[in-house]
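All ligand and atom numbering here is 1-based and tracks the order in the structure.
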Amino acid sequence: MMFTIKFKIILAYTIVFGIMLIIFAAIIYDTTKEASFLKLNTNLKSYSISLRTEIEDELDDRDSLNLKKLSSIHAKGLIGEKFQLFNSNGEALVRDSVLSKIPMPEIKNEAVNSFKYQRQKIDHHKYHILWSKFDADNDSVYMLETATSVKDVFDELDRLFYLFLIIIPSGLIITGVAAYIISKAAFKPIAQMADTAKNISGENLDQRLDLPKAKDEVRAFGETLNEMIGRIDNAFKSQKRFVANASHEIKTPLTVIQTELEILDKKIKDVESKESIKNALSEIESLTRLTNSLLMIAKMDSMQNKLIISKFRIDELLADCAQALNTAALKKNIQINLLIADAIEIQGDKEKLKSVFLNLIDNAIKYSSDNSIISIVLEKISVEKVKINIEDSGRGISSSEIPYIFNRFYRSNEIRAEISGSGLGLAIAKEITELHKGEIKVKSEPGVKTVFSIILPQNLFALR
Ligand SMILES: Nc1ncnc2c1ncn2[C@@H]1O[C@H](COP(=O)(O)OP(=O)(O)O)[C@@H](O)[C@H]1O
Ligand SMILES: [Mg+2]
């Protein structure tokens, strides 16, 4: 779940945006720093020039300096600016208590009228210093040293830095949240389609995925899937139609063969031939059962399977079913016990319910060993409901198989070769029971016993 596409999109968005923010911040920081220093130096230079002009004036007039006037000169944009003045011998004419802490610049090699910038730390404070060498009209050379603290600039830059420290993480959080919201919205239709798709199976291929309204890639994908489901649906339908038609076509000749064999059986006296006819008839019977099962399934699929409801005694129906399969049971020396206390009338489709019970009893006989007992129990479990249990003590069904036994054509692998069958009996039983608004359940202890239970409402009309 951690590395879903959604998560990757959020991560990618956030990383890309984060990198962009950092680059952007670095550029702003650097540009601001450059611009501030440039401004500082320009101001320092104009300060130096104003000082020098005043100094030249004063030296011209009186050959002496008016210190008071000099220190009253201020530069715009500078705070705490200071200066020192030296003559050509390197003697200080004007001294500053801070600037005197650093060595006097070497002026001999500097060109006259040149400026030289330097950044230096004095008492843990950074200063921008500008040295300017000039000659006054009295032909002597002077060195003017001007300086200003850069603390303000760094304070400003620090403020900018802390601002970015707040802006960048909050920007990242906002991007992450936005990416989450956007990607969640983008993936919502996919999740919805996946939900619907999970419920589409062979039984409800007429269903389609809900498509998002926006005409986007997701919708196009959904449309493609829907078209695919449509094609599968058609393929299933034509396959089912084929099975229905084929079973229908087989039924008539089967009936004819059966009738003819029965006539033949009456005419023939020879014991060996009679035995052959009996075997052939028994095979035809199982073929007829398979054909009927297939037809039943086909009818259910085409929704023609309306119940033909009547009122009848279910205890009698169960006795009939047990009777019908008694011959098969006796062949394995299996005893069928009917445990029915009362006469119970129910409403339902008698023929279809009969095929349910025949299927269940047939299974009980088929999957039991010789000389065992099968019991059929009918009881009223509430005012409205009856329960029929069909219990055998045969091989049983392992718990891993139970989820599949009601699927069409499912047969246990172990018995496939040994015992004949179509795998349709339980599927039909379940569908008919559910058409009656009832339920079918199974409990099995492999090798000990298996109980199929059917719970039916007694009065179907009352439910509708
Ligand atoms: N009473 C039973 N005892 C053991 N296994 C059973 C029983 N009833 C059904 N089964 C298992 O369920 C499968 C499906 O049953 P069914 O749909 O009637 O098909 P079929 O009987 O044609 O194989 C069987 O193949 C068998 O493995
Ligand atoms: Mg069966």
**Request:** For D152, check salt bridge (charged side-chain N to carboxylate O under 4.0 Å, His left out) against everything at least two apart and list the hits.
**Result:** none
**Message:** Tell me which pairs pass side chain to side chain donor-acceptor pair (under 3.5 Å) where either residue lies in residues 316-333, with sequence neighbours left out.
**Reply:** R313-E316, N333-N371
**Request:** Kindly state each residue pair satisfying ring-ring contact (aromatic ring centres under 6.0 Å, His included) with at least one member in residues 145-186, sequence neighbours excluded.
**Result:** F37-F154
Which N or O atoms of ligand 1 sit under 3.5 Å from a protein N or O, and how far apart is each pair?
| residue | atom | partner | partner atom | Å |
| --- | --- | --- | --- | --- |
| ligand 1 | 1 (N) | D392 | OD2 | 2.9 |
| ligand 1 | 8 (N) | N363 | ND2 | 3.4 |
| ligand 1 | 17 (O) | G425 | N | 3.3 |
| ligand 1 | 17 (O) | L426 | N | 2.8 |
| ligand 1 | 18 (O) | N363 | OD1 | 3.1 |
| ligand 1 | 18 (O) | N363 | ND2 | 2.8 |
| ligand 1 | 19 (O) | G423 | N | 3.4 |
| ligand 1 | 21 (O) | N363 | OD1 | 3.0 |
| ligand 1 | 21 (O) | K366 | NZ | 3.0 |
| ligand 1 | 21 (O) | Y367 | OH | 2.9 |
| ligand 1 | 22 (O) | S422 | N | 2.8 |
| ligand 1 | 22 (O) | G423 | N | 2.8 |
| ligand 1 | 23 (O) | Y367 | OH | 2.8 |
| ligand 1 | 23 (O) | R411 | NE | 2.6 |
| ligand 1 | 23 (O) | R411 | NH2 | 3.2 |
| ligand 1 | 25 (O) | Y367 | OH | 3.3 |
| ligand 1 | 25 (O) | S412 | N | 3.4 |
| ligand 1 | 27 (O) | S412 | N | 3.4 |

**Message:** Taking 2.8 Å as the cut-off, does N359 contribute an N, O or S atom near the Mg ion (ligand 2), distance below it?
**Reply:** no
**Request:** Output yes when K198 and D195 qualify as a salt bridge under the 4.0 Å nitrogen-oxygen rule, no when they do not.
**Result:** yes
**Item:** I5 CD1: over 12 foreign heavy atoms closer than 6.0 Å
**Value:** no
**Asked** For E414, does the CD atom sit with more than 12 other heavy atoms under 6.0 Å from it, leaving out its own atoms?
**Response** no
